[in-house]
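As structure tokens, the structure follows; a few thoughts come after it.
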There are 2 protein chains.
Amino acid sequence: MSEHNARSRRRGEELINAIHTAVLEEVAEVGVARLTMEGIGKRAATPRTTLYRRWSDPIEVLLDALYHMHPVEEPTPGADDLRGDLVRALRLMVDWALTPAGRAVASILTDPKGSPRVHEALFERVFANRGGTFTSTVLRHYAERGHFPAELLTPVVADIGEALVTKRLIDTGAPPSDADLKAIVDQAILPAVGLRPA
Amino acid sequence: MSEHNARSRRRGEELINAIHTAVLEEVAEVGVARLTMEGIGKRAATPRTTLYRRWSDPIEVLLDALYHMHPVEEPTPGADDLRGDLVRALRLMVDWALTPAGRAVASILTDPKGSPRVHEALFERVFANRGGTFTSTVLRHYAERGHFPAELLTPVVADIGEALVTKRLIDTGAPPSDADLKAIVDQAILPAVGLRPA
DNA sequence: ACGGTAAGCTACAGCCGTGTATCTGAGCAA
DNA sequence: TTGCTCAGATACACGGCTGTAGCTTACCGT
């Protein structure tokens with residue numbers, strides 16, 4: 001007795017959303033390796049029994065959360081500003097990476113014990129829904145409009161921006177500033193597509 | 001009673017080396033997050049009590065191992081082959097990354113719960129001893145000899161090769177082939193220093 | 001208003017890693 | 001040879017996570 005429940009009982013979607021949010025936060029904070037039903041339950045303020053009714057282990061909860069999370073925003077290239085659009089695409093990537101979902105994905109990708117299953121599920125859900133990587137959407141757009149030779153847009157070139165942003169995130173732990181992103185665009189991406197900035 | 005010990009008892013350095021090897025292998029396999037005294041002890045075939053006599057927890061064992069491991073080999077730029085030297089530098093990096101020590105380092109860098117202490121110890125030991133990143137050693141050498149303008153060798157440019165190799169390792173899990181490395185050099189690094197390959 | 005579904009609450013046995021406390025006996029030095 | 005040091009082998013209590021079981025009770029549809 002005693003009104004030990006200030007909030008009313010959650011059911012269905014509301015509860016599941018809370019759990020999804022909880023897993024993503026949890027994995028972002030402690031990593032896939034340390035993900036436990038206990039931790040998820042505590043964070044979502046739900047007993048473990050509720051979790052076991054629906055999922056068999058923490059990884060399943062995580063996968064389910066990834067399948068239901070909002071897709072990553074895609075860069076929308078404007079009219080005539082390749083440089084600006086590239087910076088915006090990278091900014092989009094950084095913002096997403098700092099999200100719980102982004103951190104969760106990072107944790108999964110770098111887990112030495114990550115099973116192929118999880119890896120695949122990740123690519124299906126998070127990356128396949130999008131047109132490609134962040135910068136390559138922009139680059140393809142401008143290549144089609146003849147701003148630079150399309151044959152220069154190789155897989156390696158499409159990866160340059162994301163690779164440098166990722167490295168910076170790993171090395172320093174801090175998000176790159178706009179100046180950093182501009183430097184990446186000017187000094188690495190643009191030269192690779194044959195456009196040396198003035 | 002029963003020669004339950006085929007091998008004789010290890011002492012001092014021999015034992016410690018075995019333990020160091022064990023931690024690095026262990027962390028490479030399961031990640032820092034799942035590192036336990038139990039696991040290290042099993043792999044080194046030594047009781048946990050021996051570990052506790054010297055170290056207080058698994059991280060300490062790992063740090064000690066990192067401090068005592070062989071430094072990373074440095075690229076030695078040859079006379080007049082920037083392209084070839086860059087590929088060799090990246091190859092060196094890939095080879096090292098596949099090493100237990102390399103995998104251990106990767107695991108540490110990407111651990112969400114990684115303490116600043118471990119992070120710092122890592123940079124002191126593994127990176128500070130070297131002249132810089134793998135490709136930057138090569139690039140600096142050729143910049144000094146006037147093969148390209150030295151002001152193009154920015155921090156961003158110095159990171160391009162390592163960043164792309166890292167991304168590939170993370171994405172595919174498989175080591176890049178020589179063709180991949182050549183593509184990285186030709187399509188990303190050389191253009192960035194103003195040298196478009198023929 | 002009623003009844004079914006499922007969330008919330010214990011409880012429990014089992015496993016695994018922890019940290020400590022002994023005890024033994026091998027290896028080494030004086 | 002003697003004696004010290006320290007690796008090796010148990011043993012144990014503790015705490016955390018697991019997976020399951022049983023019960024109560026809030027919510028919701030009819």
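The chains referred to below are lettered A, B, ... by the order of the sequence lines, with proteins before strands, and numbering in each begins at 1.
- Rounded to an integer number of Å, the gap from B:E13 CD to C:dG27 P is 18 Å.
- Not one N or O on the side chain of B:T137 forms a donor-acceptor pair closer than 3.5 Å with the backbone of B:P75.
- Checking side-chain atoms of A:E162 against main-chain N and O of A:F134 turns up a donor-acceptor pair under 3.5 Å.
- A straight line from CD1 of B:I59 to C1' of C:dG17 spans 15 Å, rounded to a whole angstrom.
- Counting only heavy atoms from C-beta on, A:R9 has its side chain closest to D:dA26 among D:dG8, C:dT18, D:dA26.
- Here the C1' atom of nucleotide C:dT18 and the NZ atom of B:K42 are 13 Å apart, to the nearest Å.
- Rounded to whole Å, the distance from OH on A:Y52 to P on D:dG19 is 4 Å.
- Residue A:P47 has its side chain nearest to C:dC9 when only C:dC9, D:dG8, C:dT18 are considered.
- Contact annotation: A:R53 does not reach the phosphate of C:dT5 (side-chain N/O to OP1 or OP2, under 4.0 Å).
- Here the C1' atom of nucleotide C:dG17 and the CD atom of B:E26 are 13 Å apart, to the nearest Å.
- Contact between the side-chain N/O atoms of B:T46 and the OP1/OP2 oxygens of D:dG8 is found at a separation under 4.0 Å.
- Using cut-offs of 30° and 60° for the angle between ring planes, the B:H20 and B:W55 rings count as tilted.
- Closest to the side chain of A:R54, out of D:dG8, C:dA7, D:dT18, is C:dA7.
- Sequence order on DNA chain C of the closest nucleotides to B:P58 and B:T49 puts B:P58 first from the 5' end.
- A sub-4.0 Å separation between OP1 or OP2 of D:dG8 and a side-chain N or O of B:R10 is present.
- Of the possible polar contacts, one joining the A:T135 side chain to the A:A158 backbone as a donor-acceptor pair under 3.5 Å is found.
- Between the C1' atom of C:dG19 and the CD1 atom of B:I40 lies a distance of 15 Å, rounded to the nearest Å.
- Atoms CG (A:L51) and P (C:dC9) sit 13 Å apart, rounded to a whole Å.
- Atom CD1 in A:I16 sits roughly 11 Å away from atom P in C:dA6 (whole-Å rounding).
- Not one N or O on the side chain of B:T172 forms a donor-acceptor pair closer than 3.5 Å with the backbone of B:L169.
- If you check D:dG19, C:dA6, C:dG17 against the side chain of A:R48, the one that comes closest is D:dG19.
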